[in-house]
A.B. asks: 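Submitted below is the structure of interest, expressed as structure tokens.
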Amino acid sequence: MLTTSLDQLDQRLKTINSFSHNGLGQNRLVYTPSWIAGQKQLINWGLSIGLAPTVDDYGTVYLDVLGTETPNQIIATGSHMDTVAQGGRFDGLYGVIGGLQSIETLLNAFGRLKKTLRLISFSEEEGSRFPTTFSGSKHYARIEETVGLTDKSGISFDTARIRAVSRLEASSVNRSLPSLPLTFTELHIEQGPRLVAKHQQIGLVTSIVGQRRFTVVINGIANHAGTTPMNRRHDALQSGIQLISRLELLAQSLSPDLTVTVGEFNVEPNTSNVIPGKVSFTIDCRHVDSEILNEFETMIHCEAKLMTRPQLSIRVNRWANSQPVQLDQQLLAQNDHLANQLNLSHVSLASGAGHDSQIMSQVTRTTMIFVPSINGISHAPQEATHLTDLKAGVDLLTASLHQQAY
């Protein structure tokens, strides 16, 4: 059985995470200095083991080792470099570093291979800096270009992108948009409690939920907190609270598997003695059934319309819409067989989180491998996975890539 170096895997993860040294947790938002440092370090590691680096216009890094018989048939693995704000140590990064470890292990054991192996570190998946998700994989898949967006500081996506990508350019780095792969395998932490609860080492992902994200803006009238009678107020904050509470009840009645999260909330003028005149907040909703998502989106608009009155307006903007996807059954069966051979306990499950794999599945055969998250925590500084579980996932990925590429 081919196994990866546990110490090297751990050290590489720690190296990239050390670049995000300001603030709580990991803050490797797309095109920020810590993100640039992470992509540059990955390129250097790739060069050190003989991989050929390419960077596209969005800053996604591709590291290739050419096949000797059918180099145009590309077997790809990877994940994303960016994190959420105050995120964890493994989300995205584990799939990138785990893929690098697998490729290095295969090259050391077998040398050149029949098909081309490619490691991909997508530029952005999380939607944490700009109001978009999966911009890196959408660009690679030729599905969608990201335009006209700005972050909270007013910096445009294109300005940040061009500046950051220029920092990745070097004489040893090709600049292009590579061809699409024959298959794509994403290694990832589960980000949930199911594997831990079932005492399983591996999750084999059958499907990925669809998700939609909205920004709701409520404009009322700011006024004096002491002199404005309660029946004369147009309080944007109270209206927002009522709307959120109503939507939570509707979601529960629609489907027990529908998740709805208000993760960002802003109040203006945010002063103790002023009635709030404006609030804005995000809504993230997810489900495996598009019809459920359609129905809940209709509910959001209907409830907003019912609460609107002459002195209070509510605007709803959907800015992310990812459809549920089924992953490749043949690759799933192959990984099930390999997990049995490696004596790794495993279970098939759907992913409740969005991943680059749901974009890649639209253009190539795609599969995912999960490893457990301690206490089911993710998208937080407390995100953790035992090193032995990280290694088990890399070992299964290595076996899968070997079967596909040699």
Side-chain angles (χ1 to χ4, degrees), residues 27 29-32 82-87 124-136 138 144-161 209-222 234-251 254 258-270 275-287 290 292-309 311-323 352-354 358-359 379:
N27 293 279
L29 276 62
V30 68
Y31 306 142
T32 60
D82 71 315
T83 69
V84 298
Q86 299 183 2
E124 184 276 329
E125 184 254 22
E126 297 288 4
S128 294
R129 181 177 179 186
F130 298 94
T132 185
T133 54
F134 313 114
S135 62
K138 286 177 179 177
E144 181 179 300
E145 299 299 317
T146 302
V147 295
L149 302 180
T150 58
D151 66 11
K152 294 177 182 178
S153 301
I155 300 173
S156 74
F157 182 88
D158 277 344
T159 297
R161 174 181 64 80
V209 297
Q211 62 175 294
R212 300 185 190 183
R213 296 185 191 178
F214 306 84
T215 296
V216 179
V217 179
I218 303 179
N219 284 291
I221 297 178
H234 307 285
D235 189 327
L237 176 57
Q238 291 301 320
S239 297
I241 293 171
Q242 293 170 24
L243 178 58
I244 292 168
S245 297
R246 177 65 179 156
L247 290 174
E248 183 175 353
L249 291 173
L250 290 170
L254 185 58
L258 175 62
T259 61
V260 178
T261 304
V262 174
E264 181 179 339
F265 199 104
N266 299 289
V267 182
E268 297 179 25
N270 201 26
I275 299 166
K278 179 180 180 180
V279 299
S280 62
F281 56 90
T282 59
I283 300 174
D284 178 304
C285 53
R286 310 185 187 204
H287 199 273
S290 292
I292 295 292
L293 292 172
N294 289 340
E295 190 169 349
F296 186 68
E297 182 171 352
T298 299
M299 289 177 173
I300 294 174
H301 287 283
C302 288
E303 292 299 315
K305 185 176 181 180
L306 287 172
M307 294 183 65
T308 298
R309 53 184 186 266
Q311 302 298 325
L312 189 138
S313 65
I314 303 178
R315 185 174 73 253
V316 179
N317 174 51
R318 185 186 73 196
W319 52 270
N321 181 12
S322 300
Q323 297 300 317
Q358 67 194 95
I359 304 302
H379 278 192

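Note that the structure is predicted; figures quoted are calculated from it, not measured.
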A.B. asks: Can you tell me how far CD of E268 sits from OG of S280, rounded to the nearest 0.5 angstrom?
C.D. replies: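 Those atoms lie 6.5 Å apart.
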
A.B. asks: Rounded to the nearest 0.5 Å, how far apart are CD1 of I275 and CG of L237?
C.D. replies: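 Taking CD1 in I275 and CG in L237, the distance rounds to 11.0 Å.
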
A.B. asks: Looking at every heavy atom in both S128 and A85, which two are closest together, and how far apart are they?
C.D. replies: OG-N, 4.0 Å

A.B. asks: Could you tell me the separation between the CD1 atom of I314 and the NE2 atom of H301, rounded to the nearest 0.5 Å?
C.D. replies: 12.0 Å

A.B. asks: Do you know which two heavy atoms are closest between V316 and A304, and how far apart they sit?
C.D. replies: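 For V316 versus A304, the nearest heavy atoms are CG2-CB, 4.0 Å.
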
A.B. asks: Is the side chain of N266 donor-acceptor paired with the backbone N or O of V279 at a distance under 3.5 Å, no angle test?
C.D. replies: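 Not confirmed, N266 side chain does not pair with V279 backbone.
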
A.B. asks: Under 3.5 Å, side chain of Q242 to main-chain N/O of S245, donor-acceptor pair present?
C.D. replies: no

A.B. asks: Please evaluate residues S322 and F134 with respect to the criterion side-chain contact (heavy atoms from CB on, under 4.5 Å), reporting the C-alpha separation (whole Å), side-chain torsions for both, the decisive distance (0.1 Å), and the verdict.
C.D. replies: CA-CA 9 Å; S322 300; F134 313 114; 3.1 Å; yes

A.B. asks: Quick one: does L258's side chain get under 4.5 Å of F296's, heavy atoms only?
C.D. replies: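 They are in contact (side-chain heavy atoms under 4.5 Å apart), so the answer is yes.
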
A.B. asks: Using every non-hydrogen atom in the two residues, find where P269 and G277 come nearest and quote the distance to one decimal.
C.D. replies: CD-N, 4.1 Å

A.B. asks: To the nearest 0.5 Å, what is the distance between CD (E126) and NE2 (H379)?
C.D. replies: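 So the CD of E126 and the NE2 of H379 are separated by 3.5 Å.
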
A.B. asks: Please report the closest heavy-atom contact between R309 and D235, naming both atoms and the distance.
C.D. replies: NH2-N, 4.5 Å

A.B. asks: Can you see which heavy atom on V209 is nearest to which on A353, and at what distance?
C.D. replies: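 Taking V209 first and A353 second, the nearest heavy atoms are CG2-N, 4.2 Å.
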
A.B. asks: Show your working on side-chain contact (heavy atoms from CB on, under 4.5 Å) between E303 and L247 and close with a plain yes or no.
C.D. replies: CA-CA 8 Å; E303 292 299 315; L247 290 174; 4.2 Å; yes

A.B. asks: Kindly compute the distance separating CD1 (I283) from CD1 (I300), expressed to the nearest 0.5 Å.
C.D. replies: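 Separation between the atoms: 4.5 Å.
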
A.B. asks: Tell me, yes or no, whether the heavy-atom count around R318 atom CZ, taken from other residues, nucleotides or ligands under 6.0 Å, exceeds 12.
C.D. replies: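 Check passes, neighbour count above 12.
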
A.B. asks: So, applying side chain to side chain contact (heavy atoms under 4.5 Å, CB included) with K278, which one of I218, N219, I221 is it?
C.D. replies: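 Single pass found, and it is N219.
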
A.B. asks: Between F265 and F281, what is the shortest heavy-atom contact and its length?
C.D. replies: CD1-CB, 3.5 Å

A.B. asks: Measure from the side-chain N and O atoms of D82 to the backbone N and O of E125, and report whether any donor-acceptor pair falls under 3.5 Å.
C.D. replies: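 Yes; at least one donor-acceptor contact below 3.5 Å.
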
A.B. asks: Look at the side chain of Q238 and the backbone N and O of G240, then say whether any donor-acceptor pair between them is shorter than 3.5 Å.
C.D. replies: no

A.B. asks: Nearest 0.5 Å, what's the CD-OG1 distance between E124 and T133?
C.D. replies: 7.0 Å

A.B. asks: Can you establish whether the number of heavy atoms outside Q323 located under 6.0 Å from its atom CD is more than 12?
C.D. replies: yes

A.B. asks: Can you list, pair by pair, the side-chain donor-acceptor contacts under 3.5 Å of residues 147-161, counting residues two or more places apart and other chains?
C.D. replies:
residue, atom, partner, partner atom, Å
D151, OD1, S153, N, 2.9
D151, OD1, G154, N, 3.1
D151, OD1, I155, N, 2.9
D151, OD2, R129, NE, 2.9
D151, OD2, R129, NH2, 3.0
K152, NZ, E264, OE2, 3.2
S156, OG, T159, N, 3.0
S156, OG, T159, OG1, 2.7
D158, OD1, R161, NE, 3.3
D158, OD1, R161, NH2, 3.2
R161, NH1, D57, O, 2.9

A.B. asks: I'd like to check the side chain to side chain contact (heavy atoms under 4.5 Å, CB included) partners of N270; sequence neighbours left out, ordered by chain and number.
C.D. replies: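 Partners of N270 by the side chain to side chain contact (heavy atoms under 4.5 Å, CB included) criterion, ordered by chain and then number, come out as V267.
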
